[in-house]
Participant: 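This is the structure I want to talk about, given as structure tokens.
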Amino acid sequence: MSTEHLNFLEEIITEDLKNGKNNGRVLTRFPPEPNGYLHIGHSKSIVLNFGLAKKFGGKTNLRFDDTNPVTEDTEYVESIKEDIKWLGFEWENEFYASDYFEQIYEFAVTLIKKGLAYVDDSTAEEIAALKGTPTEPGKNSPFRDRSVEENLDLFARMRKGEFKDGEKTLRAKVDMASPNMLLRDPLMYRIKHVHHHRTGDKWCIYPMYDFAHGQSDSIENITHSICTLEFESHRPLYNWFIEQLGIFPSHQYEFARLNLNYTVMSKRKLLQLVNEKHVSGWDDPRMPTISALRRRGYTPESIRDFCERVGIARRENVIDVGLLEFCIREDLNKNATRRMAVLNPVKLIIDNYEEGKTEMLSGENNPEVEGGGGTRDIPFSKELWIEREDFMEEPPKKFFRLGPGLTVRLKHAYIVKCESYKKDAEGNVSEIHCIYYPESKSGSDTSDIKVKGTMHFVCAKNAVPVQVNLYDRLFSVENPQAEEGDFKTYMNPESLKVIENAYAEADMKNTKPGDKFQFIRLGYFCADKDSTSEKLIFNRTVTLKDSWSKEQKKA
RNA sequence: UGACCGAUGGUGUAACUGGCAACACGUUUGGUUUUGGUCCAAAAGAGUCCAGGUUCGAGCCCUGGUCGGUCAACCA
């Protein structure tokens, strides 16, 4: 631990603690807006906020930033809570910005009384026109100098519902000439006669982000309010409101959000994929959402590990999905039960094996666990299914699998030698005939035969038919939103391949949704949530590393 | 052409705060292996965006550039 490096936020907190700031108290918050499902980018923020608090003996609140009722919904609230819990975090309090509407309203009244806020009758267009540009200062609104009394009266009537949507706004009186656009008399309240998922029809005016977030932080006595880089220019305003109100000085710190290649992360785009049915839903295993990763077979441990590995800094970054895949492989390699399944079956017949006989072989559940993690029975008989890719009529030099005259071991079973093969009318290999060496039985091999390869198989007689969904990256380009035109035109047409007729070994009959396996030599798979005992469905979480395909590409 | 922020191997993050650029992923090579997985061993790969300056010494400090990001929603 002595060589452990602190990220810049840990350094700040360490320093704060040293200086006795906030009496050594650390309170962070995770503030999602309930207008979509959480994605892998949010998990970075979650791990950061909860992790920081935990590391420094503090707590973390969950606070829904629900100030815009038009896009928000309780469905999202529920999914967000589920995802955070699943990731393994517990919040100290469950709060909602809407809990504070009354208090935030009072804050606004306070600012009006101090002459620091005014009701503006301008339309959105007029406000925009007077806003100026980044290089030119803005101009004062003609309503900027209304009296305190008039502002108080108007604001009260806004609340009462006397005005239509957009007819009036409440704005902070800061500085229309500020080089920071956000300080050019930002909107504090707007009128929306919209039903709110929590406050119902109690309110028809809603505070804007800038007049809700910092205030909520302050109300909760948040010490370190951590957000992403794009809020950086909001910080002066964040501080301005807190200062003018004289309330608890929460502090905002920004870090660079997580970007992943071969996917999109904006909630707007994800919502579009869902609404336009490009995916089956928010938890379609190809999505970068937490619910999708869960359904695909990712574990909370692997996601937390990933979030820790990507680090925390203030520079833009794009993380290779390969790192995420590494994290889940590392976890599942240690923990996933090994089983055999054949995705693209072709029949293998052992000519010298007794007709009608079935013997039970034993296979360890996980070689990574001491003692092999127990064993299960694997039936073996004359007819087996093997992977079509494991046989070649004219095998190249380093092909350590089956082909005419070639010898391999069948995992947990016998060594077999290919004697001949048959083809169907279309010219596809339909039967591979082998002989087996009875004395080469796994565990008691006295044959002294050396083989280069080991293959998986499924006993045909006892095979369990299963559906397997092979997932690949959702997009075929690294950064879809940087490409020309609609990002959806860059979706990977092969992001999902459904295999209806795969076979799994007999032991897998009783698989339950969520069960995770390594299908030997193929990858990690997770029983889908829709999987039943009548119809088993497996999602491929991630393939195994495959140095053979690399070898092939070289040739 | 305003303000703010950023720039270190292919990617990401470090560098004890001014002392011979490290770790992880990835890549390559070899070994082990009844998973072409795992594991083990090794290698290649940046001289820190550029130009000046301060200093015995700069990735860290200063000046000026370059490039990238963010900001003109009644979104968050």
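We name chains A, B, ... by the order of the sequence lines, and we start the count at 1 in each one. Below, all heavy atoms of this structure are taken into account, side chains as well, without hydrogens, waters or symmetry copies.
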Participant: Rounded to whole angstroms, how far apart are CD on A:E72 and C1' on B:A76?
Facilitator: 9 Å
Participant: Does B:C39 have OP1 or OP2 sitting under 4.0 Å from an N or O in the side chain of A:K334?
Facilitator: no
Participant: Between the side chains of A:D120 and A:K168, is the shortest nitrogen-to-carboxylate-oxygen separation below 4.0 Å, so that they form an ion pair?
Facilitator: no
Participant: Please report, rounded to the nearest Å, how far the P atom of B:A76 is from the CG atom of A:D210.
Facilitator: 9 Å
Participant: Which word best sums up how the rings of A:Y414 and A:F380 line up, parallel for under 30°, tilted for 30 to 60°, or perpendicular for over 60°?
Facilitator: tilted
Participant: Quantified in whole Å, what is the C1' atom distance between nucleotide B:C25 and nucleotide B:C62?
Facilitator: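 Between the two C1' atoms, the distance is 36 Å.
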Participant: Would the base of B:U35 count as contacting A:R521 through its side chain, where contact means a donor and an acceptor less than 3.5 Å apart?
Facilitator: no
Participant: With a non-hydrogen cut-off below 4.0 angstrom, is A:N333 in contact with a base, only sugar-phosphate, or nothing?
Facilitator: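 Base contact.
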Participant: Could you state the atom-to-atom distance from CD of A:E254 to C1' of B:A76 in whole Å?
Facilitator: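 Interatomic distance, CD of A:E254 to C1' of B:A76: 15 Å.
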Participant: Is the glycosidic torsion of B:G52 within 90° of 0, making it syn, or is it anti?
Facilitator: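 This nucleotide is in anti.
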Participant: Within this structure, what is the CG-to-P distance between A:N317 and B:U70, rounded to whole angstrom?
Facilitator: 14 Å
Participant: Please determine whether a side-chain nitrogen of the Lys or Arg among A:E72 and A:R198 lies less than 4.0 Å from a carboxylate oxygen of the Asp or Glu.
Facilitator: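 No, no charged N to carboxylate O under 4.0 Å.
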Participant: On the 0 to 90° scale, with breaks at 30° and 60°, tag the A:F519-A:F525 ring pair as parallel, tilted or perpendicular.
Facilitator: parallel
Participant: Taking only side-chain N and O atoms of A:R409, does any of them lie within less than 4.0 angstrom of OP1 or OP2 on B:U35?
Facilitator: no
Participant: I'd like to know if A:R309 reaches the base of B:G12 with its side chain such that a donor and an acceptor end up less than 3.5 angstrom apart.
Facilitator: no
Participant: Does B:U38 have OP1 or OP2 sitting under 4.0 Å from an N or O in the side chain of A:R338?
Facilitator: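 Checking B:U38 against A:R338, no side-chain N or O comes under 4.0 Å of OP1 or OP2.
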Participant: Would you measure the distance from the C1' atom in B:G37 across to the matching atom in B:C75 and give it in whole Å?
Facilitator: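 Per the computed distance, 47 Å lies between those C1' atoms.
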Participant: Is A:K550 close enough to B:U27 that one of its side-chain N or O atoms is under 4.0 Å from OP1 or OP2 there?
Facilitator: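 For A:K550, the contact criterion (side-chain N or O under 4.0 Å from OP1 or OP2 of B:U27) is met.
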Participant: Which base sits across from B:U27 as a Watson-Crick or G-U pair, both distances under 3.5 Å?
Facilitator: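 Across any shown strand, B:U27 pairs with B:A43.
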Participant: Could you give the distance separating B:A58 and B:U8 at their C1' atoms, to the nearest angstrom?
Facilitator: 14 Å
Participant: Using a 90° cut-off around 0 for syn, call B:U38 syn or anti.
Facilitator: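 Anti conformation here, the glycosidic angle of B:U38 being more than 90° from 0.
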